[in-house]
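Here is the structure we will look at.
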Amino acid sequence: MLYLSTLEEAQTVIRALSAPMRMEIMKIIYKTPGVSMNYLARTLKLTNSAVSMHVSKLCEAGLVTIQSTSGKRGTMKLVSPCHDRIVMDMIPAEQTPEPQHIYVDDIKIGYFTACSVTPTCGLSTPDRLIGALDDVKAFTFPEHFDAGILWFTSGYVEYGLPNHLQAGQHLRELQISFEISSEYPGFNKDYPSDIHFSLNGIPLGIWVSPGDYGGRKGHISPAWWPESLNQYGLLKTLIINKDGTFMDGGQKLSEVTIGCLNIDYNSLLSFRIEVPEDTANCGGCTLFGEQFGDYNQAIRVKAFYE
């Protein structure tokens, strides 16, 4: 997958695909990867120099690769596609820098510091599954740091959150955003799950995930990702400020305020996402990180201070 975060990044790709003949080349090499330049010239009724020019533009845009190999009459160049899909953000990136009174960190899904989970469960890197499906031991394998997705039916995962506060700085709001869903064997969009959040052992509240979403591939998920496994979730933001704890700003989860957490520049922060076995809706939890789901985002932590 080729991910383009801005329209500026996409300019070269858009220009490369603007020529109808290059679109025809892409169709051919997706149908038969590794075809020769001579084959493209014969099929499209072009000269070798014209094909070479078009393929060169596609190569400059990072859309194809050219491999030289031995042929019957010397060296032969083979053309193959680089990506199975292209995802492009259309919303312009912010042109101004982040405010000075905020710390922002991204925590990869696999960087949990503690866990206790029950099947169905699993985790995967963008390249391969880690261990076997429904084997809780896989969560202890060193490869778990490379995971971009994880899921479990009950239990918890815990993450250490960075604390950049310095002496004299006071935390006024904490935002934690993530792509999340329930966990159903297969998928079921109507499968509620009570997902509990806590920080340093203090319960922050419960959010009910509506379901486990499938029926189509996640926009960011690798092409090899099985259709029977979790596909995408909802992008949610947990907000803790002076008024309490909220989900996405509007839904109040609890009266726990930022002051209740007693966070200063010396504090260690441990954030837990949990589905207790005895909760009313024990529908599991799936966390989607970079290169999985719909949003290509790790767990993003924003700490606003004064």
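Small disclaimer: the values here were computed from a predicted structure and weren't measured. Excluded from the calculations below are hydrogen atoms, water molecules and symmetry mates; all remaining heavy atoms, backbone and side chain alike, are included.
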For this session: Answer yes or no: is there a donor N or O on one side and an acceptor on the other, between the side chain of Ser193 and the main chain of Ser182, under 3.5 Å?
Result: no

Exercise. After noting the C-alpha distance and the side-chain angles of Gln297 and Ser177, does the key distance pass the side chain to side chain donor-acceptor pair (under 3.5 Å) rule?
Worked result: CA-CA 9 Å; Gln297 179 186 300; Ser177 65; 2.9 Å; yes

For this session: Would you please test Asn296 and His219 for side chain to side chain donor-acceptor pair (under 3.5 Å) and show each step?
Result: CA-CA 9 Å; Asn296 201 36; His219 295 320; over 6 Å; no

Exercise. Between atom CZ of Phe292 and atom OG1 of Thr125, what is the distance when rounded to the nearest 0.5 Å?
Worked result: 6.5 Å

For this session: Mind listing the closest non-hydrogen atom pair of Leu78 and Gly34 along with its distance?
Result: CD2-O, 3.6 Å

Exercise. If every non-hydrogen atom of Leu123 is compared with every non-hydrogen atom of Ala147, which pair is closest and at what distance?
Worked result: CD1-CB, 4.0 Å

For this session: Run the numbers on Phe288 and Tyr295 for ring-ring contact (aromatic ring centres under 6.0 Å, His included), then give the verdict.
Result: CA-CA 8 Å; Phe288 302 84; Tyr295 294 97; 9.4 Å; no

Problem set entry | Asp134-Thr120 side chain donor-acceptor pair, cut-off 3.5 Å | no

Exercise. Passes side chain to side chain donor-acceptor pair (under 3.5 Å), Asn230 versus Thr286? Steps please.
Worked result: CA-CA 8 Å; Asn230 311 322; Thr286 304; 3.2 Å; yes

Exercise. Closest approach of Ser154 and Thr118, non-hydrogen atoms and distance?
Worked result: OG-OG1, 2.7 Å

Exercise. What distance do Leu204 atom CG and Leu199 atom CG have between them, rounded to the nearest 0.5 Å?
Worked result: 5.5 Å

Seminar exercise, completed: Looking only at heavy atoms, the pair that brings Ile176 and Leu161 closest together is CD1-CD1, 3.8 Å

Problem set entry | Minimal non-hydrogen separation, Ala280 against Asp194, with atom names | N-OD2, 3.4 Å

Problem set entry | Gap between atom NZ of Lys27 and atom OG1 of Thr32 - 0.5 Å precision | 14.0 Å

Exercise. Is the closest side-chain heavy-atom distance between Glu227 and Lys217 below 4.5 Å?
Worked result: yes

For this session: Taking the six-membered ring for Trp and the full ring for Phe, Tyr or His, determine whether the centres of Phe139 and His144 are under 6.0 Å apart.
Result: no

Exercise. Should Thr237 and Gln175 be marked as a side chain to side chain donor-acceptor pair (under 3.5 Å) after you check the CA-CA gap, both sets of side-chain angles, and the distance that decides it?
Worked result: CA-CA 6 Å; Thr237 301; Gln175 296 183 4; 5.8 Å; no

Problem set entry | Centroid-centroid distance, Phe178 to Phe197, less than 6.0 Å | yes

Exercise. Tyr159 and Phe271: aromatic ring centres closer than 6.0 Å?
Worked result: no

Exercise. Does any N or O in the side chain of Thr43 come within less than 3.5 Å of the main-chain N or O of Tyr39, such that one atom is a donor and the other an acceptor?
Worked result: yes

Problem set entry | For Met21 against Leu46, the heavy-atom pair lying closest together | CG-CD1, 3.5 Å

For this session: Report yes if some heavy atom in the side chain of Leu165 is under 4.5 Å from a heavy atom in the side chain of Tyr305; otherwise report no.
Result: yes

